[in-house]
Number of protein chains: 2
Amino acid sequence: MQEAVQNILKKNQLSITGSRVRILELFLEQQGALAHGDIERRTGEKFDRVTVYRTLQVFLNKGIIHSIPTSDNSVLYALCKDDCGEGHHHDNHVHFVCDKCGNTLCLEDVTVPAIRLPKGYKFSQIQVIVNGRCKDCNRD
Amino acid sequence: MQEAVQNILKKNQLSITGSRVRILELFLEQQGALAHGDIERRTGEKFDRVTVYRTLQVFLNKGIIHSIPTSDNSVLYALCKDDCGEGHHHDNHVHFVCDKCGNTLCLEDVTVPAIRLPKGYKFSQIQVIVNGRCKDCNRD
DNA sequence: ACACAGATGCAACTTTGTTGCAAAATAATT
DNA sequence: AATTATTTTGCAACAAAGTTGCATCTGTGT
């Protein structure tokens with residue numbers, strides 16, 4: 001784990017600092033999306049709010065994480081699969097938001113369907129947000 | 001137009017007030033999505049910020065408008081087609097966000113494609129956000 | 001015209017996000 | 001290993017976005 005984190009940072013030419021390591025660990029631990037607030041809480045407010053913002057921004061720019069749109073005005077961030085090649089833009093994603101536990105995850109193996117747009121429209125990226133019950137919450 | 005606005009309000013058992021009428025008009029004029037800030041600006045700050053928030057909240061509850069998830073942490077609102085029946089939940093929407101002009105619109109006539117979820121997952125609602133160039137911005 | 005319910009505006013506050021700058025930590029160099 | 005150069009961090013101050021309680025005003029039904 002430690003090593004995995006360091007590799008990611010090195011590969012992206014980022015210096016290895018406490019906050020970056022800790023935040024990356026969080027993403028690796030919980031395979032799901034995190035909001036800025038989650039991160040602050042789970043790091044025990046050890047890092048300044050500004051640092052968390054900036055760290056997320058850096059990760060976004062480097063393509064280490066991507067952001068997920070939600071309808072309730074909260075931005076979620078999730079780790080990108082590390083086998084993304086150079087040219088990969090994380091364009092097409094299917095995200096699943098569980099209505100019960102609130103967990104959000106990135107369904108990497110579900111393909112984004114083709115969508116027929118009206119004449120004159122050209123698309124560059126498609127995001128799909130699926131709400132429902134996740135595997136774990138569907139047992140009851 | 002005046003009449004259309006009043007009909008919508010009456011149908012939803014809402015009293016006809018200045019802010020509600022004006023905000024509904026805005027939505028009808030521009031067939032596209034509006035952010036809270038847009039509304040404040042376009043009404044010339046005539047109404048209190050709180051009133052705008054509350055008005056949008058009421059419209060949301062009544063199902064007159066719906067909210068659109070965006071990746072940049074801004075909530076957009078768009079009018080629901082008024083021919084929505086009672087049982088209609090505005091569940092499945094395709095939204096188009098133009099990368100150039102920023103306009104966001106609700107593609108009502110594009111059907112949301114079926115998505116195959118992994119085992120154990122059940123969905124209740126699917127939203128699709130398409131980024132790209134809209135009809136008007138595609139001319140150049 | 002009147003009374004009641006509901007909507008508005010104000011003030012104060014919380015939460016969320018941003019910016020500039022000095023201090024501290026990391027990386028590079030010798 | 002010590003020193004310098006480069007990044008990153010935390011602080012403070014601020015800006016923007018959103019919420020709440022309450023007194024006042026407005027729209028609606030009688």
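The structure displayed is predicted, hence computed values, not measured ones. Chain naming here is simple, since letters A, B, ... match the order of the sequence lines and numbering starts at 1 in each.
- At whole-Å resolution of the value, CG in A:D48 and P in C:dG20 are 16 Å apart.
- The 5' end of DNA chain D is approached more closely, in terms of each residue's nearest nucleotide, by A:F47 than by the other of A:F47 and B:H36.
- Place A:E40 and B:Q13 on DNA chain C by their nearest nucleotides, and B:Q13 ends up nearer the 5' end.
- Contact check for B:R133 versus B:C101: no side-chain heavy atoms found under the 4.5 Å cut-off.
- Screening B:N12, B:I23, B:L79 for a side-chain contact (heavy atoms from CB on, under 4.5 Å) involving B:F59 leaves a single residue, B:I23.
- In this entry the distance linking CD of A:Q57 with P of C:dT16 reads 17 Å, nearest Å.
- C:dA25 atom P lies 20 Å from atom CZ of A:R22, rounded to whole Å.
- Counting to the nearest Å, the P atom of C:dA12 and the CZ atom of B:R49 are 14 Å from each other.
- For the pair B:Q127 and A:P69, the minimum side-chain heavy-atom distance is 4.5 Å or more.
- A straight line from OH of B:Y53 to C1' of C:dC13 spans 14 Å, rounded to a whole angstrom.
- Contacts of B:R20 with the nucleic acid, taken as non-hydrogen atoms under 4.0 Å apart, involve only primed sugar atoms and P, OP1 or OP2.
- Using a 4.0 Å cut-off, no side-chain N or O of A:S15 falls inside it from OP1 or OP2 of C:dA25.
- Put simply, the side chain of A:N138 gets close to the backbone of B:G120: a donor and an acceptor are under 3.5 Å apart.
- In this structure, B:G18 and B:G37 both approach DNA chain D, and ranking their closest nucleotides by distance from the 5' end singles out B:G37.
- Residues B:Y77 and B:I68 form no side-chain contact, since every pair of their non-hydrogen atoms from C-beta on lies 4.5 Å or further apart.
- Distance CZ (A:R54) to P (C:dT19): 10 Å, rounded to an integer number of Å.
- Atom CD1 of A:I39 is separated from atom P of C:dT16 by 13 Å (rounded to the nearest Å).
- Nucleotides of DNA chain D lying under 4.0 Å from heavy atoms of chain B occupy a range whose first and last members, 5' to 3', are D:dA17 to D:dT28.
- Neither OP1 nor OP2 of C:dA7 sits under 4.0 Å from any side-chain N or O of B:T51.
- The nucleotide whose nearest atom lies closest to any side-chain atom of A:V50 is, among C:dG17, C:dT18, C:dG9, C:dT18.
- Distance A:L9 CG to C:dA27 C1': 14 Å, rounded to the nearest Å.
- With respect to the salt-bridge test (charged N to carboxylate O, under 4.0 angstrom), the residues A:R22 and A:E29 qualify.
- Checking each of B:N131, B:I129, B:V128, B:V130 against B:F96 for a side-chain contact (heavy atoms from CB on, under 4.5 Å) leaves exactly one that passes, namely B:V130.
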